[in-house]
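Structure first, commentary second.
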Amino acid sequence: MIRVISVVGARPNFMKVAPIHRAFQAVSDQFEHHIVHTGQHYDASMSDAFFADLAMPQPSYFLGVGSGSHAQQTAKVITGFEQVCLEARPDYVIVVGDVNSTVACALTSVKLGIRTAHVEAGLRSGDRSMPEEINRLATDAIVNDLFVTEHSGVEHLLSEGAPSSSVHLVGNTMVDSLFWALPLADNSTVLDRLNLRTVPYALVTLHRPSNVDDPEQLRALLTTLATLSEEVAIVFPMHPRTQKHVADLGLSLPAKVIVTEPCGYVDFLALMKNAVCVITDSGGIQEETTALRIPCVTARTTTERPITTEIGTNVLVPPEPEAITVAVRKVLQGNHKHGQVPELWDGHAAERIVSIISRFYE
Ligand code: UD1
């Protein structure tokens, strides 16, 4: 029996690992699959709700690292995950995405000589002031197997010197989860609870340090939402990081904007699927809106997911009031891209990953 550990740490990891777990369950005569949760995200709304919505089993190990500086958080994951690896003796470790838990666990397992894969390898924003960009570069430089969501990722990895035999374009496991959960989203009551069933609305998420840690920038973004809320209903499930800065700065929220706690996965899909437009600085939401063909305005200067702007519904705009307002108004006027869904974003990426891994052990 081959023992595989997949690591989850923060909110965007759960939907990437859920389909991988299901694909391993289908070959349980050959593989034993365990989930390790580092506890980087720990609030019920940022973690527990996702296990329930995605029908994931409880993690076999929970490290409980919690928040801290980047160094503290990364160090705690490394020491905790080393103990897990020594105890559980996995043959194979899978890390996903670009959060601190991703790089910390990759570093740990590679140094223990365990074959390690990165799912969502090769994405590059080119902006090294983003903590996620450092996590992506460092992880891809050391792991054995690189599973990639879009062509740009393959190009980056090859130009950085990865052997082509280690690079596999497989599609997007986040989109696997999206297609799996869409029927559940149709039963969500979130639109009724927010009185949005018959009202056109824009859905907003903002949590990037570059947008919410700087007081002036956060103020400017809230003012932009206030302006837009005169033209369209706005619902804003607020990330804990953003909530904390709003509270610390004593900022008041625009009266007409519907601010909620972070949503569960299925409720968020329901909100996304029925929105006229999404305004975000997230990575994954750029992909989810492209897969759903919902117009997305990304308030960032760079994206590590260029396929979403090249063929998808995403537009990148400088995170400034004027640029965001103009882009959203265009969408409201019906002047937006209809987009195509990228190659291999078909709901079967996790099966491809598991089938490639099983070939390593033939
Ligand atoms: C992390 C990821 C980011 C991802 C995001 C999605 C890194 C470097 N960043 O950013 O790539 O897009 O998750 O959510 O790994 N907090 C809570 N409860 C929680 C989690 C966080 O209150 O369950 C608060 C804490 O005050 C914490 C702050 O949010 O200090 C930031 O959390 P952290 O995990 O460090 O980074 P995120 O901003 O969530």
Side-chain angles (χ1 to χ4, degrees), residues 7-17 37-54 59 62-78 80-81 95-107 118-121 123-125 127-139 174 177 204-214 217-218 221 236-249 260-265 268 272 278 280-289 298-300 302-305 308 319:
V7 177
V8 294
R11 183 170 65 176
N13 296 156
F14 305 123
M15 54 293 248
K16 291 169 194 167
V17 165
H37 187 347
T38 66
Q40 176 174 343
H41 282 175
Y42 44 85
D43 283 0
S45 64
M46 297 295 283
S47 173
D48 304 359
F50 287 78
F51 276 83
D53 278 2
L54 291 158
F62 182 72
L63 307 181
V65 301
S67 302
S69 69
H70 282 268
Q72 287 166 338
Q73 196 174 54
T74 309
K76 279 192 196 163
V77 175
I78 290 176
F81 191 57
V95 299
V96 301
D98 56 15
V99 302
N100 287 341
S101 300
T102 310
V103 65
C105 292
L107 201 54
H118 182 206
V119 169
E120 205 185 87
L123 298 183
R124 301 287 180 265
S125 67
D127 174 3
R128 291 198 181 196
S129 70
M130 281 178 84
E132 295 81 6
E133 183 75 351
I134 304 301
N135 295 343
R136 293 189 275 258
L137 283 160
T139 303
M174 193 171 218
S177 273
V204 177
T205 81
L206 295 167
H207 76 279
R208 286 257 94 73
S210 58
N211 274 335
V212 305
D213 288 10
D214 174 50
Q217 176 62 8
L218 182 55
L221 289 171
F236 183 9
M238 204 185 275
H239 189 284
R241 180 185 199 99
T242 313
Q243 284 182 7
K244 183 172 181 300
H245 287 290
V246 167
D248 289 354
L249 295 167
T260 73
E261 288 298 306
C263 294
Y265 183 62
F268 192 77
M272 198 159 38
V278 175
T280 192
D281 59 10
S282 150
I285 292 170
Q286 298 174 56
E287 296 184 336
E288 290 170 332
T289 46
T298 299
R300 284 172 50 180
T302 59
T303 179
E304 60 288 336
R305 293 158 159 94
T308 61

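Counting starts at 1 for both ligands and their atoms, following the listed order. Heavy-atom basis, side chains included; hydrogens, waters and symmetry copies ignored.
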- Does the Gln73 side chain pair with the main chain of Gly66, one donor and one acceptor, at a distance under 3.5 Å? yes
- Task: Using modelled atom types only, decide if a donor and an acceptor are shared between the side chain of Ser101 and the backbone of Gly9 within a distance under 3.5 Å.
- Result: no
- Side chains of Phe268 and Thr205 in contact at under 4.5 Å (non-hydrogen atoms): yes
- Message: I'd like to know if the side chain of His37 reaches the main chain of Ala10, judged simply by a donor and an acceptor atom lying under 3.5 Å from each other, with no hydrogens or angles considered.
- Response: no
- Find all atoms of ligand 1 within a distance of less than 4.0 Å from any non-hydrogen atom belonging to His207, and give their numbers and elements. 4 (C), 5 (C), 6 (C), 12 (O)
- Task: Could you check if a side-chain atom of Ser282 sits within less than 4.5 angstrom of a side-chain atom of Glu288, using non-hydrogen atoms only?
- Result: no
- Task: Pick one of side chain, backbone, both or neither for how Met46 approaches ligand 1, counting any non-hydrogen atom pair under 4.0 Å.
- Result: side chain
- Could you pull out, from His245, Arg11, Arg136, His41, the option with a heavy atom nearest to atom 39 (O) of ligand 1? His41
- Protein heavy atom at shortest distance from atom 31 (C) of ligand 1: Arg241 NH1, 3.4 Å
- Query: Is the side chain of Thr298 donor-acceptor paired with the backbone N or O of Arg300 at a distance under 3.5 Å, no angle test?
  - Reply: no
- Query: Got an N/O contact under 3.5 Å between Asn100 and ligand 1?
  - Reply: yes
- Around atom 14 (O) of ligand 1, find the nearest protein heavy atom and jot down its residue, atom name and distance. His239 NE2, 2.8 Å
- Any donor-acceptor pair under 3.5 Å linking the side chain of Asn13 with the backbone of Val8? no
- Task: May I ask you to identify, for Glu132, whether its side chain, its backbone, both or neither come under 4.0 Å of ligand 1 on a heavy-atom basis?
- Result: side chain
- Honestly, for Arg208 the part within reach of ligand 1 (heavy atoms, under 4.0 Å) is side chain
- Region of Pro209 that comes within reach of ligand 1 [heavy atoms, distance under 4.0 Å]: neither
- Query: With a 4.5 Å heavy-atom cut-off, do Thr38 and Cys105 have their side chains touching?
  - Reply: yes
- Among protein heavy atoms, which lies nearest atom 24 (C) of ligand 1, and at what distance? Pro240 CB, 3.8 Å
- Under a heavy-atom criterion of less than 4.0 Å, does Gln73 contact ligand 1? yes
